Visitor: 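Structure provided below as structure tokens; questions to follow.
Reckoned from all heavy atoms, side chains included, excluding hydrogens, waters and symmetry mates. These numbers come from a predicted model, not from an experiment.
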Amino acid sequence: MKQGTIVRQVIFILLGTVLAIAAISGNIIAGQEKIIFLPFKVSTEQPKEHLRAGLTSILASRLSERSGQETVYGADKTGQLEAMLQSGQPQEAKKILKKMQGSQLVLGSLEQQGSSYTLFIQVLGASKAGATSFTRTVDSLDKVIPVLDDLATEIANTIFHVKTEAAQVPSASQDSMVGFQTAHPDKMWRKEIQAAVPSSPSSLGEVGAFRVLSARNSSELSNSFQAMDAGDVDGDGKEEFVLLEHGRLLLLRAGNDDRFRPLAEYQLPGYLGLHAVYLADLDNNGRQEIYISASSGDSPSSLILEWDGTQFRLLNWQVPYYLRPDKDATGKSVLLGQANGAIYRLTRSRDGKLNPAEQVTVPAGLGLYDFIRVDLNKDGRLDFVGLTEDNKLLVLDQTGRTIWKSENIYGASRDALGTVASRRRADLDQPYADRQRNYLHTRIIAQDLTSDGKPEIIISKNQVTHVRFFKYLRYFEGASIVALSWDGSRMNRLWETAQTPGYIVDCQVRKKLAQPGRFSLFWVESDDTGNPMYFWTRERSTVHFQEIGLNRTKKEKRQ
């Protein structure tokens with residue numbers, strides 16, 4: 001009897017072990033990451049709508065066979081995801097992709113060009129990099145399916161490193177597909193920000209007339225910063241960083257011991273869409289006000305704070321304008337506000353309320369964050385340095401006439417005016433093709449870095465790339481900061497930082513008044529480059545600070 005009991009116990013234990021292993025295996029299989037396919041985009045002379053689902057099904061099944069990966073496709077499964085990407089809502093798309101356990105997103109198109117047809121496929125993976133692209137051209141539709149079969153093999157080789165005998169086609173570059181980013185445990189902001197990792201001054205090297213004298217940067221911070229400014233906020237002679245992230249403002253200082261120390265934070269309403277932050281002492285009390293440009297739904301709802309060294313003071317609340325400090329023709333600081341498409345110079349009344357004093361005339365197509373006014377030629381007249389919708393830099397004279405336009409892209413941003421909710425409501429009333437997205441631009445800075453009496457233009461160069469399938473989906477492939485000098489007819493590069501793999505959220509330059517030829521460069525870099533598949537880890541940001549000096553030896557040689 002006792003022996004039989006022992007045997008039964010052993011059997012139960014073995015059975016339990018087998019079931020546990022099966023359950024674990026089932027969970028692993030159930031949790032397997034998947035390849036998500038959106039329906040093909042088909043553009044042919046004769047409508048062939050049925051090909052959208054048919055081509056998607058063929059490519060998905062072939063790729064599943066060759067890679068061993070599970071695939072998800074079909075409008076019933078991916079329709080909501082496609083709608084979020086079409087309407088420019090990458091954060092919502094990320095949530096859907098994460099819920100679907102997607103590891104790659106495959107987008108395809110078939111386009112007729114005369115008598116030939118081009119198959120174009122992009123694969124976005126869970127990395128900071130952009131898409132890997134695959135292209136084939138055929139001369140008739142009956143050759144599309146065999147080519148899709150070859151493409152499935154090439155994608156399996158390139159993306160999943162599955163080698164097959166049928167692979168006779170050249171592989172696309174594998175540089176843009178790296179290992180998955182795994183989530184790091186979140187740390188308290190105050191702990192993270194204490195640890196600084198010194199960076200080498202040679203990381204920028206010597207470009208043109210400048211050299212890096214010292215450099216430091218914070219550790220990676222688990223923050224999604226949206227804007228930054230730097231300056232002496234409380235008038236004590238020390239530089240501070242003011243950073244915005246959703247729901248709060250952070251104030252920190254870079255010390256002499258290569259540490260970034262938090263000073264204070266200010267809670268902001270979670271319903272506000274935060275766009276920009278600026279420092280300026282417009283009331284001339286020796287302390288710089290903090291101008292936070294924000295919106296509530298579709299309407300501007302900005303605020304102004306002041307830091308006295310111990311606490312914040314709220315100066316204005318629910319200001320019905322987007323805000324930005326500026327300079328007039330005499331060099332005096334003024335406050336600009338934008339509402340209902342018009343830009344005004346604002347003044348403060350005795351009761352502290354901001355009122356429009358006059359409307360400011362700006363060239364057509366430029367909004368408040370698309371331009372600065374600066375006397376480039378030192379002739380006493382303000383020129384416009386602006387950015388177009390496609391991120392080209394402009395120089396315009398006082399009448400709005402374009403004098404120069406860049407070939408390169410400058411000032412591209414991942415952020416748009418308004419809150420996510422307001423953009424979503426506006427989208428509901430319009431078809432996808434007619435929807436507008438008012439993207440912001442990053443900060444344009446004018447400073448006389450060379451002490452020759454003429455200002456240089458400093459601006460970020462986020463290398464923006466558009467996903468051809470979606471009008472409002474953009475990601476970034478590296479970034480740098482550049483200083484440009486005006487020679488009277490065009491902008492020339494004076495210096496440029498080394499390109500970083502992330503996205504530059506914001507930057508600022510501060511001259512050393514007591515040390516001519518020296519200035520400080522501040523910027524915030526994010527590792528979230530806009531790739532909708534990059535959802536496996538929370539966004540991480542790094543604060544950078546560098547001292548840069550005029551290389552007088554080189555300048556003297558040129559003279």
Side-chain angles (χ1 to χ4, degrees), residues 30-44 46-65 67 69-112 119-126 130-134 144-145 148 151-152 155 159 414 416 418-437 465-475 530-536:
Q32 182 181 6
E33 292 150 6
K34 304 174 180 67
I35 310 173
I36 312 299
F37 290 77
L38 292 187
F40 262 67
K41 178 182 177 182
V42 177
S43 178
T44 55
Q46 299 296 324
K48 293 179 171 55
E49 188 66 20
H50 65 283
L51 290 179
R52 294 194 73 206
L55 296 176
T56 307
S57 175
I58 292 169
L59 181 61
S61 60
R62 299 291 196 277
L63 187 55
S64 180
E65 291 172 2
S67 67
Q69 303 290 312
E70 185 177 350
T71 57
V72 177
Y73 58 94
D76 58 327
K77 300 182 180 68
T78 63
Q80 186 182 11
L81 172 62
E82 184 177 19
M84 292 300 101
L85 292 173
Q86 286 280 20
S87 59
Q89 298 181 48
Q91 296 303 321
E92 296 300 315
K94 287 182 180 184
K95 294 177 184 177
I96 297 172
L97 284 163
K98 188 171 185 178
K99 187 176 181 180
M100 295 172 74
Q101 297 176 311
S103 61
Q104 274 82 24
L105 178 65
V106 179
L107 314 169
S109 69
L110 174 68
E111 298 180 11
Q112 184 173 358
L119 279 164
F120 180 80
I121 296 169
Q122 281 186 316
V123 182
L124 287 113
T132 302
S133 300
F134 305 84
V144 169
I145 293 178
L148 273 181
L151 282 171
I155 294 170
I159 306 301
R414 64 187 182 187
T419 63
V420 172
S422 70
R423 292 197 298 272
R424 189 180 301 128
R425 286 199 303 273
D427 285 345
L428 294 177
D429 299 328
Q430 301 181 61
Y432 290 137
D434 298 330
R435 295 176 185 175
Q436 297 299 314
R437 189 79 182 276
T465 300
H466 296 270
V467 177
R468 64 188 292 177
F469 302 93
F470 299 112
K471 181 179 180 181
Y472 297 119
L473 183 58
R474 51 169 59 183
Y475 60 89
N531 182 346
M533 295 299 296
Y534 184 46
F535 53 72
W536 293 101

Visitor: What do you reckon, is NZ of Lys41 surrounded by more than 12 foreign heavy atoms closer than 6.0 Å?
Guide: no

Visitor: Over all heavy atoms of both residues, which pair between Pro39 and Thr56 is shortest? Give the atoms and the distance, please.
Guide: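 In this case the closest contact between Pro39 and Thr56 is CA-OG1, 3.4 Å.
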
Visitor: Side chains of Leu107 and Leu124: closer than 4.5 Å at any heavy-atom pair?
Guide: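 With C-beta onward as the side chain, the pair touches.
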
Visitor: Could you measure the distance from the CD atom of Gln101 to the CD1 atom of Ile36? Nearest 0.5 Å is fine.
Guide: 9.0 Å

Visitor: Verify, without hydrogens or angle tests, whether Ser61 (side chain) and Ser57 (backbone) share a donor-acceptor contact under 3.5 angstrom.
Guide: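 Checking the backbone N and O of Ser57 against the side chain of Ser61, a donor-acceptor pair under 3.5 Å is found.
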
Visitor: Walk me through whether Ile159 and Ser67 qualify under side chain to side chain contact (heavy atoms under 4.5 Å, CB included).
Guide: CA-CA 9 Å; Ile159 306 301; Ser67 67; over 6 Å; no

Visitor: Does Gln69 offer a backbone N or O that forms a donor-acceptor pair with the side chain of Ser64 under 3.5 Å?
Guide: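 Yes, because the side chain of Ser64 sits within donor-acceptor range (under 3.5 Å) of the backbone of Gln69.
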
Visitor: Can you name the nearest heavy-atom pair linking Gln80 to Ile96, along with the distance?
Guide: CG-CD1, 3.7 Å

Visitor: Provide the closest heavy-atom pair for Leu51 versus Phe40 in the form atom of the first, atom of the second, distance.
Guide: O-CB, 4.5 Å

Visitor: Do Arg62 and Ile145 touch side chain to side chain, with heavy atoms closer than 4.5 Å?
Guide: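 When only atoms from C-beta onward are counted, Ile145 and Arg62 do touch, with a gap below 4.5 Å.
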
Visitor: Is the shortest side-chain heavy-atom distance between Leu105 and Leu81 below 4.5 Å?
Guide: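 In contact.
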
Visitor: Any heavy-atom pair between the side chains of Val106 and Tyr73 that's under 4.5 Å?
Guide: no

Visitor: As an exercise, state the distance from OG of Ser43 to CG of Leu110, rounded to the nearest 0.5 Å.
Guide: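 It is 8.5 Å, given to the nearest 0.5 Å.
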
Visitor: When you compare the side chain of Met100 with that of Val72, does any pair of heavy atoms fall below 4.5 Å?
Guide: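 Yes, close enough: below the 4.5 Å cut-off.
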
Visitor: Begin with the C-alpha distance, continue with both residues' side-chain angles, and end with the deciding distance and a verdict on side chain to side chain contact (heavy atoms under 4.5 Å, CB included) for Phe37 and Leu63.
Guide: CA-CA 11 Å; Phe37 290 77; Leu63 187 55; 3.7 Å; yes

Visitor: Between Lys95 and Glu92, does at least one N-O distance fall below 4.0 Å, as a salt bridge requires?
Guide: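 Salt bridge between Lys95 and Glu92, a charged N being under 4.0 Å from a carboxylate O: yes.
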
Visitor: In Å, rounded to the nearest 0.5 Å, how long is the span from CD of Gln112 to NZ of Lys48?
Guide: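 Output value for this atom pair is 7.0 Å.
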
Visitor: Please report the interatomic distance CD1(Ile121) to OG(Ser133), rounded to the nearest 0.5 Å.
Guide: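 Reported value, rounded in 0.5 Å steps: 10.0 Å.
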
Visitor: Do Leu85 and Leu38 have side-chain heavy atoms sitting under 4.5 Å apart?
Guide: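 Yes, their side chains come closer than 4.5 Å.
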
